[in-house]
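The chains referred to below are lettered A, B, ... by the order of the sequence lines, with proteins before strands, and numbering in each begins at 1. Below, each value reflects all heavy atoms present in this structure, side chains not excepted, and no hydrogens, waters or symmetry copies.
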Amino acid sequence: MSRIVEVKGLTKVYGNFEAVKDVTFTLEENKIYGLLGRNGAGKTTVMHMITAQQFKTSGELKVFGEEPYENNRVLSQICFIKESQKYPDNYRVIDVLEVAAMFFPNWDQAFAHELIEEFRLPLKRRVKKLSRGMLSAVGIIVGLASRAPLTIFDEPYLGLDAVARELFYKRLIEDYAEHPRTVVLSTHLIDEVSQLLEHVMVIDQGKLILNEDTEVLRGRAISVGGTTAQVEEFMKGRNVIHRESFGGLLTATVMGTGSTDDRKQAESLGLTIAPVSLQQLIVHLTGGSVRKAGEA
Amino acid sequence: MNRSTGVMRMHLRDKFSYLILPWIICLGSFAINLIVGGLVQEEKGFYSGGIMSIFIYMLVTGIVVVPQTIPFALGLGVRRSDYFAGTASTLTILSFIFSAMLTLFSWVEATTSGWGIKLGFFHLPYLFNGSHIQEFFVFFLIMLVMSLCGFIIACFHRRFGKTGTFTMFITLFLLGSLFSLYMTFYADWMAVFHWFGDKTALDLAVRTIPFSIIFAALSYLFLRRSAV
């Protein structure tokens with residue numbers, strides 16, 4: 001499989017603040033990646049550097065095998081949709097689409113108009129007058145219709161309602177099946193996208209702390225349920241990231257290797273075993289133990 | 001498709017800001033002068049400086065165009081050099097078209113002896129100096145240097161931020177004051193005035209060419225190192 005992005009020891013320093021510290025990873029062709037982490041973790045900075053909108057302080061950066069800075073061969077293949085994207089004041093939705101069509105070689109105008117219908121966007125309205133959710137929809141439509149070999153969505157759905165978010169996931173996965181490409185999704189709504197992600201990267205305080213296939217990651221923790229005594233017995237000597245009691249019953253999420261031994265022991269204790277949500281795992285890994293999973 | 005042409009088309013999609021509004025302002029000023037001229041019926045005719053509005057507009061355009069469009073352009077994966085080429089070309093083409101229109105209006109004004117009321121709005125003797133071709137180049141070169149002056153200010157701001165721009169203007173102001181002091185105490189202001197007085201409008205306009213080139217070159221260097 002060919003490598004779309006290769007990042008080695010990437011670092012970005014603002015004054016005396018290290019926003020990104022020595023990050024190393026690769027992105028492979030035709031996979032959907034999740035880039036997760038808390039606010040201000042450095043996700044957007046990493047993506048800005050990949051797309052040559054920000055300058056790296058040090059490290060190596062190769063996109064489609066080349067330096068992305070001032071390189072049309074690379075830049076014309078990337079579409080980076082970010083929550084903070086600004087549009088010219090007098091632009092209407094239609095203007096954004098027409099201009100985007102000029103810069104993305106694989107742009108599909110018919111598909112863009114189909115999406116406009118589905119997201120119910122007013123074509124002739126000025127982008128400035130759109131609601132927050134509609135503004136996000138504009139970005140999503142550009143991202144999908146660009147069919148760029150590397151498409152990056154950075155918090156693409158601020159203010160978007162649940163119906164529109166579902167629509168986005170559905171259209172993304174459908175179009176991805178027909179036109180495979182590399183997709184990076186950065187989001188807080190981890191559980192919503194966990195079905196889409198094939199690979200997860202977690203950035204915390206500028207450092208890449210996790211870089212793992214979703215399947216492997218899921219196996220790393222299990223959730224066990226049973227009577228309090230049984231579960232307490234199983235918890236001994238194990239890393240418990242979450243517990244919830246209900247009457248005499250207890251459910252606990254336990255980190256470990258997720259090995260068969262663990263499962264056997266749990267079964268022998270008569271416990272019920274359930275998979276753990278990706279969100280809970282990430283919250284735990286990013287040191288969010290104070291916060292409840294639902295708040296992430 | 002050539003990506004710098006794409007940048008030009010991106011700018012010109014906003015027809016109102018770049019093509020219509022400057023003429024609403026300029027022709028608005030013209031209309032007022034026309035009404036006043038018609039009411040006053042000055043025997044010797046009268047001249048207006050209203051034509052300056054479109055030159056000022058181009059300076060402002062040069063400043064405003066960058067913050068309006070560069071985040072969008074870079075967001076679509078446009079190179080900084082293509083953005084520069086497309087934007088500088090757009091400013092040049094606009095200056096060209098606007099100057100041609102001003103020259104045309106000047107010609108009409110001259111042939112109708114000031115729209116029948118001896119109004120000098122477009123046709124100004126110093127700028128005209130005997131030929132419409134000369135007049136066109138005066139309009140064009142001055143408009144170009146003004147729009148590029150706006151452009152370099154915007155690019156400088158993009159590169160060095162608020163603090164940098166503030167520092168630059170303070171420095172320019174101090175240097176200007178020092179120069180003025182020097183001229184007053186050690187040299188002759190009159191020599192400067194005479195130097196300018198001896199030149200025709202075209203002489204002076206041609207002398208803006210090196211400034212236009214320097215402004216454009218520096219704008220490019222600033223843009224190359226600017227981030228979103």
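Contact annotation for A:T51: neither backbone nor side-chain heavy atoms come within less than 4.5 Å of a heavy atom of chain B. Proximity to chain B (any heavy atom under 4.5 Å) is shown, for A:E70, by both the backbone and the side chain. Contacts of A:V74 with chain B are absent, with no heavy-atom separation under 4.5 Å from either backbone or side chain.
Heavy atoms only, all atoms of each residue included: B:F140 and B:T92 are closest at CE1-O, 3.6 Å.
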What pairs of donor and acceptor atoms, side-chain ones from residues 159-175 of chain B against any protein atom, are under 3.5 angstrom apart with sequence neighbours left out?
unit_1, atom_1, unit_2, atom_2, d
B:T165, OG1, B:G161, O, 2.7
B:T167, OG1, B:T163, O, 2.5
B:T171, OG1, B:T167, O, 2.5

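Heavy-atom pairs under 4.5 Å with chain B were tallied for A:Q54, A:R92, A:Q85, A:K86; the largest tally goes to A:Q85.
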Item checked: Trace of the side-chain contact (heavy atoms from CB on, under 4.5 Å) decision for A:V20 with A:V13 -> CA-CA 7 Å; A:V20 175; A:V13 181; over 6 Å; no
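Side-chain contact check for A:H199 versus A:I32: every heavy-atom pair is 4.5 Å or farther apart.
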